[in-house]
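Let me begin by presenting the structure, written as structure tokens, before commenting on it.
Quick caveat: nothing in here was measured; it's all calculated off a predicted structure. In what follows, every heavy atom counts, from backbone to side chain, and hydrogens, waters and symmetry copies are set aside. Remember, it's 1-based here, ligands and their atoms both numbered in the order they're listed.
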Amino acid sequence: MATERSNEPIGVFDSGIGGLTVVAALQRLLPSENIFYLGDTARVPYGGKSRRTVERYSIEIGGLLLAERAKVIVVACNTASALAVPRMKEIFKVPVQGVVTPGAQAAAKSTLIGKVGVVGTRATISSGAYEHAINSINPGIQVLSAACPLLVPLIEEGMFDDDVTKIMLSRYLGPMLKAGIDTLVLGCTHYPLLRNTIAEVAGPHVTLVDSAENCALAVKRLLADAGIAASPRRLGGLNVALTDATEGFLRSAAQALELEIGDVALRSVQSEEGNPA
Ligand code: DGL
């Protein structure tokens with residue numbers, strides 16, 4: 001049964017535009033839900049920053065999403081999920097859903113030979129969050145990780161199918177492919193935009209686990225369990241806000257994901273120091 005909370009939006013955030021891959025997955029799975037998306041484009045990238053800074057940014061944005069009456073906070077950024085979700089869960093009263101746990105669960109289920117590769121930003125990989133989450137499901141799974149710092153800039157340049165991107169992918173994935181992984185976690189919300197190219201480089205024997213799809217499934221379960229899912233008779237909508245105007249990549253990502261993005265609002269996040277970010 002739909003309650004008053006049911007009509008409130010799902011609050012989603014990412015360091016930038018990559019989290020729109022999670023929005024696209026949420027819209028496919030939960031078409032009745034309203035979604036408010038905040039891309040922290042003024043402070044992207046998070047992937048090379050410290051835990052302390054990523055936690056601070058994430059908590060500030062969580063506050064902004066609550067001011068938008070979010071009934072749940074979806075951390076559509078692997079870096080923020082890996083570094084800040086535990087602290088956010090302590091602070092916020094609404095449920096907080098990150099992308100790492102659902103991705104780890106899907107990877108543990110997918111591997112037949114117990115060898116999983118994980119790719120992500122430097123901060124995500126050095127946090128060990130995926131390794132920890134996968135091994136807490138099954139300690140027998142070998143996790144091979146690679147930080148891929150050049151992929152986000154290549155994606156933001158729209159070089160989805162470019163030779164340079166393929167060369168970098170071969171270099172990043174080479175050791176784990178040689179080691180014989182059968183499952184690869186796309187541990188960064190930008191990477192689903194490169195899905196076809198990654199599949200080409202990884203080859204037909206490697207199953208790709210998309211953190212966006214699996215996060216959307218986890219949100220669906222969470223809303224149902226908490227009794228706060230929107231009425232299925234309703235048609236949901238999407239509001240997008242950014243902390244800095246970066247329309248170029250926003251439009252190309254939206255086009256690649258077939259998302260309808262209307263007017264984009266600009267928001268400033270109040271930092272702990274009291275200065276707008
Ligand atoms: N969206 C971020 C992630 O999923 C990648 C971009 C960044 O470094 O901020 O990790």
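Within the 4.5 Å cutoff, the side chain of Ser81 has no heavy atoms near those of the Thr79 side chain. Taking 4.5 Å as the limit, some side-chain heavy atom of Leu184 sits within range of a side-chain heavy atom of Val119. Taking 4.5 Å as the limit, every side-chain heavy atom of Asn138 sits out of range of all side-chain heavy atoms of Asn135.
The pair Arg267-Glu68 meets the salt-bridge criterion, since a charged nitrogen lies less than 4.0 angstrom from a carboxylate oxygen. A salt bridge is absent between Arg43 and Asp244; no separation between the charged side-chain nitrogens and carboxylate oxygens falls under 4.0 Å.
Between Cys188 and ligand 1 there is a heavy-atom distance shorter than 4.0 Å. Cys77 counts as a contact of ligand 1, since one of its heavy atoms falls under 4.0 Å from the ligand.
Legend: ring pair (Phe, Tyr, Trp, His ring centres under 6.0 Å) pairs involving residues 44-89, not counting sequence neighbours, sorted by first then second residue: Tyr46-Tyr57.
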Please list, one pair per line, the donor and acceptor atoms closer than 3.5 Å that link side chains of residues 9-22 to other protein atoms, with sequence neighbours excluded.
residue, atom, partner, partner atom, Å
Asp14, OD2, Gly16, N, 3.2
Asp14, OD2, Gly18, N, 3.0
Asp14, OD2, Gly19, N, 2.9
Thr21, OG1, Gly18, O, 2.9
Thr21, OG1, Thr189, O, 2.9

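For Val44, no nitrogen or oxygen atom sits less than 3.5 Å from a nitrogen or oxygen atom of ligand 1, counting backbone and side chain alike. Residue Ser15 has at least one nitrogen or oxygen atom sitting less than 3.5 Å from a nitrogen or oxygen atom of ligand 1, judged on distance alone.
When each atom of ligand 1 is checked for a heavy atom of Gly47 under 4.0 Å away, the hits are 7 (C), 8 (O), 9 (O). Here is the list of ligand 1 atoms found below 4.0 Å of a heavy atom in Thr121: 5 (C), 8 (O), 10 (O). Which parts of ligand 1 touch Tyr46 is read off a 4.0 Å heavy-atom cut-off, strictly below it: atoms 7 (C), 8 (O), 9 (O). Interface atoms of ligand 1 facing Asp14, defined by a heavy-atom separation under 4.0 Å, are 1 (N), 2 (C).
The parts of Thr79 lying near ligand 1 are both backbone and side chain, judged by heavy-atom distances below 4.0 Å. Residue-level proximity to ligand 1 for Asn78 is carried by backbone and side chain together, each with a heavy atom below 4.0 angstrom.
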